[in-house]
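Chain letters run A, B, ... following the sequence lines, proteins first, then strands; residues in each count from 1.
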There are 2 protein chains.
Amino acid sequence: MPTLQDVAREAGVSKMTVSNVLNGRRDRVSPATIARVMEVVTRLGYVPNASARSLSARRSNIVALAFPSRDAGGVTPMTNPHDSLFLSEVEAQVTQAGLYLMAHSVNSVESTAHSLRSWNVDGAIFLGTRADEVAALHTAYDAPMVFVDNHGTSPHISNVGIEDRLGGQLAGRRLIEAGHRRIGFVGPRFDEPGVVRERHAGFVQALTEAGLSLRPEHVVHCDAGFDHAVAAARRVLAAPQRPTAVFATADIIAAGLLKGFVRAGCPVPDQMSIIGFDDLEVARHVSPEITTLHQDIPGKARAAVEVLLTQLAHWPAARSERRVLGVSLVERESVAPPPAS
Amino acid sequence: MPTLQDVAREAGVSKMTVSNVLNGRRDRVSPATIARVMEVVTRLGYVPNASARSLSARRSNIVALAFPSRDAGGVTPMTNPHDSLFLSEVEAQVTQAGLYLMAHSVNSVESTAHSLRSWNVDGAIFLGTRADEVAALHTAYDAPMVFVDNHGTSPHISNVGIEDRLGGQLAGRRLIEAGHRRIGFVGPRFDEPGVVRERHAGFVQALTEAGLSLRPEHVVHCDAGFDHAVAAARRVLAAPQRPTAVFATADIIAAGLLKGFVRAGCPVPDQMSIIGFDDLEVARHVSPEITTLHQDIPGKARAAVEVLLTQLAHWPAARSERRVLGVSLVERESVAPPPAS
DNA sequence: CTGAAAGCGCTTACAG
DNA sequence: CTGAAAGCGCTTACAG
């Protein structure tokens, strides 16, 4: 494995000159020298040692992507399409920027902070972090961090998210417009601030605007997992004065409900309408295809990397930034007027 | 940020002693000293610098996971459930082993090898690598590597895969057992060795055993993507003497076919039976649920990490190892006897 | 435009 | 059981 030293010797220059050539500070080197150095680099197949560079430059070129070790449904981490699509696009962008991606599931804030510090990562992107964890992370490690889909209130943190509340509102309005008056809500619990709470709030707002209300017995809590949702369908149907439509906070829930309803002899959308959220592939896999709120996940990933790189460029003078991407309703086949009673 | 030096000074010992304590060579240190050092480490919140450690120890503690930058369907990398499930389990295992995971999409063998060398990664796991790339990788970087689902013939490479051929065979047999005589095959092209070719071979074998043959007009090529498969359904139906059943080399293809068949007025399984492969979630999302060949993806990930760690432990004397996990047929709802003609 | 030298924070024989 | 010293392969003021 040739080193900088080897290249320098072979090219008849100092290590520092080689370093300058390799790091783009080419204004400090004559064209002839640059050519000579590059020739040697190629011939020897020289590859800089990233650890050495990181150690002396105090800059690792590593970006960490941290995701929940288990999602709400108790499923294996990263298993859900949203997170994997997101990771994939982050990886692409990070690589494009000449940086490296370290993937981390977050078991505890401590161990995550430990890793970040140990590798002296330049910055980090966090998926699915709770508000208290955000604060702990910031105090534990001083580097650019951007959070995704975080609805905490602190103005000091950078966040990239979507119009969750508007999404909920659009879902509610669409169902109302179709003629529904008894509309249910199915999603995970939302004791803490987060996307589910926002979607719920927007949904309730739409009902309120129309002079309707969300009855407690029409709220069914269900973790984001297909099987959970299949089971939840029965609970929806068992409610007194059962709803004629439901808003599910995630497509995977919508898909599970769909199966559950149909199994229970309640056809969709004839007897029951469904609106999902996210516009994941699953929404088109099933029949009827699920009407849902579209969000641009790769776009969110690009925005997250962009914000991170901006912060990196201005660090430590960087200011926090919040970006919110739009949502839009995608009409498909799971919404119809309520059955003529 | 406290350093080893700070800890040593504070504890009144040498750097080397602190290092020994931290790296488990505790037999070389007295219990009293260990206690003192640990107390200081905790009090100062000392976190070792991974780059420095990597540089001097010539061991990075980094494992790379490399995945195709675009899969066969031209979809964004990592988007498919198989890869993301795999990555997630690899991450868990790697973390558990006290190592770090660097995620890489492979645009070119050169850039990948560059990254591996630059970070001096301890080892790497490769998803979806072609045979020629495998060879190039091995010559470009000398470290433990394990390939996944590689059906190349070289005995020198470590591989973890599944019984693809048996899977194809079981699929064929199941369809034959149901009474089908004209059975089609839908999957990506398989000019090179790989899982598709194996699954196809096993499938053909089953037909042959039963005195049947796979007619060329019953082979429909289709990339692994839902929409591609929806479109492919028409081609299956358009074949002269159309088949009464098809084997799809992936569940996502099976799901797309299902939709395509139903749309074309050909109900599944009444008029057309389908068997998929992988047993991904999508197989249970759709109706009818898809009968498929189960493979244990997290198990494959664990095996891959295990093989890698074993090699790491014995490096450079390590011997290559090939592991093959089983497959099993999962009965669901997409297979029925052929329609009475 | 170019270089000598110090230093980043660790580990590792080696010696005692 | 413990330590002094060299060295891993880079970058970075500083000087010329």
Side-chain angles (χ1 to χ4, degrees), chain A residues 1-38 40-41 44-62 98 100 114-122, chain B residues 1-38 40-41 44-62 98 100 114-122:
Chain A
M1 240 41 358
T3 69
L4 232 213
Q5 182 66 270
D6 299 329
V7 175
R9 188 186 313 119
E10 189 81 8
V13 297
S14 72
K15 291 192 305 180
M16 138 140 230
T17 296
V18 178
S19 177
N20 280 151
V21 170
L22 260 28
N23 291 298
R25 265 176 289 282
R26 302 199 168 183
D27 49 323
R28 302 193 189 169
V29 189
S30 74
T33 306
I34 292 180
R36 190 145 34 93
V37 168
M38 289 313 291
V40 175
V41 165
L44 264 45
Y46 170 69
V47 174
N49 181 311
S51 292
R53 190 199 294 247
S54 170
L55 180 58
S56 67
R58 293 138 174 297
R59 193 175 187 294
S60 63
N61 286 333
I62 296 176
Y100 298 88
H114 189 97
S115 297
L116 300 183
R117 285 179 55 181
S118 187
W119 282 105
N120 189 29
V121 304
D122 291 351
Chain B
M1 230 70 332
T3 70
L4 233 213
Q5 182 66 270
D6 299 330
V7 175
R9 188 185 313 119
E10 189 80 8
V13 296
S14 71
K15 291 193 304 181
M16 140 140 229
T17 295
V18 177
S19 176
N20 279 151
V21 170
L22 259 28
N23 291 298
R25 266 178 288 281
R26 302 199 167 182
D27 48 325
R28 302 192 189 172
V29 189
S30 73
T33 306
I34 292 180
R36 189 143 35 93
V37 169
M38 289 312 291
V40 176
V41 164
L44 264 46
Y46 169 69
V47 173
N49 181 311
S51 292
R53 188 200 295 246
S54 171
L55 180 59
S56 67
R58 295 140 174 295
R59 192 174 188 293
S60 63
N61 286 334
I62 296 176
Y100 298 88
H114 188 98
S115 297
L116 300 184
R117 286 179 53 181
S118 187
W119 282 105
N120 188 29
V121 304
D122 291 351

Engineer: Identify, between V18(A) and R36(B), the residue whose nearest nucleotide on DNA chain D lies closer to the 5' end.
Structural biologist: R36(B)

Engineer: Of S56(A) and R58(B), whose nearest nucleotide on DNA chain D comes first from the 5' end?
Structural biologist: R58(B)

Engineer: Please give, in whole Å, the distance from dC14(C) C1' to N20(B) CG?
Structural biologist: 13 Å

Engineer: Search all heavy atoms of Y46(B) against all heavy atoms of T3(B) and return the closest pair with its distance.
Structural biologist: CE1-C, 3.5 Å

Engineer: With no hydrogens and no angle check, is any side-chain donor or acceptor of S118(A) less than 3.5 Å from a backbone partner on P48(B)?
Structural biologist: yes

Engineer: Could you verify whether a donor N or O on one side chain and an acceptor N or O on the other, from S54(B) and S51(A), lie under 3.5 Å apart?
Structural biologist: yes

Engineer: Distance check needed: dC10(C) P versus N49(A) CG, whole Å only.
Structural biologist: 16 Å

Engineer: Going by number, which of residues 10-17 of chain B have a non-hydrogen atom under 4.0 Å from DNA chain D?
Structural biologist: V13(B), S14(B), M16(B), T17(B)

Engineer: Would you tell me whether N61(A) and R53(A) have side-chain atoms, one donor and one acceptor, within less than 3.5 Å of each other?
Structural biologist: no

Engineer: Please state whether the phosphate of dC1(C), meaning OP1 or OP2, lies under 4.0 angstrom from any side-chain nitrogen or oxygen of S30(A).
Structural biologist: no

Engineer: Would you mind classifying the nucleic acid contact of S51(B) as base, sugar-phosphate or nothing, using non-hydrogen atoms under 4.0 angstrom?
Structural biologist: nothing

Engineer: Rounded off to whole Å, could you give me the CG-to-P distance for the L4(B) and dG7(D) pair?
Structural biologist: 19 Å

Engineer: N61(A) CG to dC8(C) C1': how many Å, rounded?
Structural biologist: 15 Å

Engineer: Using whole Å, what does the distance between atom P of nucleotide dT12(D) and atom CG of L55(A) come to?
Structural biologist: 12 Å

Engineer: What's the CZ-P distance between R53(B) and dG9(D), to the nearest Å?
Structural biologist: 18 Å

Engineer: Measuring to OP1 and OP2 of dC10(D), would you say a side-chain N or O of S54(A) lies under 4.0 angstrom away?
Structural biologist: no

Engineer: With both distances under 3.5 angstrom, what nucleotide forms a Watson-Crick or G-U wobble pair with dA4(D)?
Structural biologist: none

Engineer: Tell me: CG of D6(A) to P of dG9(D), nearest whole Å?
Structural biologist: 9 Å

Engineer: Can you find a side-chain donor-acceptor pair between N120(B) and S60(B) that sits under 3.5 Å?
Structural biologist: no

Engineer: Would you kindly say whether S14(B) and T17(B) are connected by a side-chain donor-acceptor distance under 3.5 Å?
Structural biologist: yes

Engineer: Within the side chain of S19(A), is there an N or O that forms a donor-acceptor pair under 3.5 Å with the backbone of K15(A)?
Structural biologist: no

Engineer: Roughly how many Å is it from CG in N120(A) to C1' in dC10(C), rounded to a whole number?
Structural biologist: 14 Å

